[in-house]
Asker: 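Once you've had a glance at the structure underneath, I'll fire off some questions.
The structure displayed is predicted, hence computed values, not measured ones. The residues of the chain are indexed from 1 along the displayed sequence. Order of listing sets the numbers, starting from 1, for every ligand and every atom in it.
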Amino acid sequence: MLPEAVLEQAKAEMLDWRGSGMSVMEMSHRGKEFVSIAEQAEADLRELLAIPANYKVLFLQGGASSQFAMVPINLLRGKNKADYLNLGQWSKKAISEAKKFCQVNVVASAEAVNFTTVPSRDSWKCDPEAAYLHCTPNETIGGVEMHTIPEIDVPLVADMSSTLLSRPLDVSKFGVIYAGAQKNIGPAGLTIVIVREDLIGQTIAGAPTMLDYAVMVKDGSMYNTPPTYAWYIAGLVFQWIKAQGGLTAMGAHNKAKAELLYKAIDESGFYKNPVDPAYRSWMNVPFILPDAALDKPFLAEAKTVGLLTLAGHRSVGGMRASIYNAMPMAGVKALVDFMADFQKRHG
Ligand SMILES: *Cc1c(COP(=O)(O)O)cnc(C)c1O
């Protein structure tokens, strides 16, 4: 979901961006109009996350999935080992890609308990020779979220595709943060990367130009044509978040939405969420019905009251409510009311 105000603004500016006579889609990425859009977006993102000056911000293509390769290519820096925390489906994809470049040490895995928790920090078996530790703080499919940033001795790399900008974040604790924009930031096609300066410029031999952070930094994410329209919409979203009161306000709002939904699930005696309450995601709330035969009627009836895209990921089934930043409290209330009503009729 994107904020309606953002879509309205994009609509109003669609044919003629602020008197330029051009749509943003028609601009040269090197023209002064688009450069001003790009710079404003970066400035707003830096302000929202209070990104320290020794971090670079990149607006790339290729999705979070390209970062699964770009991270080892750039961060191994002469080493051949990396630590990975396995919290679910996205962690596993990052791990299998990293294995193409180095020895992967899985410090801990929640796979044995079907990814319903986060193994405690004391149980992690970190390799002292690892170049970095990669984690997925919010597992979008399983609905598991680490609510604190782990203390570790090597650069911490985080795939925050489904949680970046959902609450305040101490960027200085990370070496690299990356996120595909399409979950909580903007349209598909844009990937945000925040990388600490000292980690840039030591890519493995033969690294493709497009996968070298140093190249992307040097050219301001414009080595080639960047995803201009997605960058522009992300910029509108950053301004919208600022107008909502920034990430502190966003965090309070998101926490309240998640609490309402989990409470409704837990108290229903009908719906179930399998995740350890200490690690439940604020963004992605999976739940199952007592009988999978009810899934189809649930989805069909939900659609008639305007509640869409509630089917769980194809790999796990059941339901999943993704309640990203743009989802208003009223949307969660509507879901909770519908769930109670459905239970009355089918419970
Ligand atoms: C969706 C998602 C991805 C994949 O993102 P793409 O941009 O489609 O490559 C990776 N990691 C997480 C945590 C995700 O939620």
Asker: Show me the pairs that pass ring-ring contact (aromatic ring centres under 6.0 Å, His included) and involve residues 239-268, at least two apart or across chains.
Answerer: none
Asker: Identify, by atom number and element, the atoms of ligand 1 in contact range of G63, meaning under 4.0 Å from any of its heavy atoms.
Answerer: 7 (O), 9 (O)
Asker: Report the nearest protein non-hydrogen atom to atom 2 (C) of ligand 1: residue, atom name, distance rounded to 0.1 Å.
Answerer: K183 NZ, 2.5 Å
Asker: What residue and heavy atom of the protein are closest to atom 9 (O) of ligand 1, and at what distance?
Answerer: S65 OG, 2.6 Å
Asker: Hey, is E259 close enough to K263 for a salt bridge, meaning N to O under 4.0 Å?
Answerer: no
Asker: For ligand 1, which is the ligand I care about here, please tell me if S66 has any N or O atom under 3.5 Å from one of the ligand's N or O atoms.
Answerer: no
Asker: Quick one: look up the protein heavy atom nearest atom 11 (N) of ligand 1 and list residue, atom name and how far away it is.
Answerer: D159 OD2, 2.6 Å
Asker: Go through the side-chain N and O atoms of R280 and N273 and say whether any donor and acceptor fall under 3.5 Å apart.
Answerer: yes
Asker: N/O of A64 under 3.5 Å from N/O of ligand 1, yes or no?
Answerer: yes
Asker: Suppose I only count heavy atoms of Q182 and a 4.0 Å limit; which atoms of ligand 1 are within that range?
Answerer: 5 (O), 6 (P), 7 (O), 8 (O)
Asker: Which class fits the ring pair H134 and Y178: parallel under 30°, tilted 30 to 60°, perpendicular over 60°?
Answerer: tilted
Asker: Check the side chains of T191 and Q61 for a donor-acceptor pair under 3.5 angstrom, ignoring hydrogens and angles.
Answerer: no
Asker: Measure up the F298 and F342 rings against each other and bin them: parallel (under 30°), tilted (30 to 60°), perpendicular (over 60°).
Answerer: perpendicular
Asker: Does this structure show an ion pair linking R167 with E145, if we count only N-O contacts that are shorter than 4.0 Å?
Answerer: yes
Asker: Looking at T140, which atoms of ligand 1 are within less than 4.0 Å of one of its heavy atoms?
Answerer: 12 (C), 13 (C), 14 (C), 15 (O)
Asker: Could you tell me whether N138 and ligand 1 have an N or O pair separated by under 3.5 Å?
Answerer: no
Asker: So which bit of T136 gets within less than 4.0 Å of ligand 1, heavy atoms only: side chain, backbone, both or neither?
Answerer: side chain
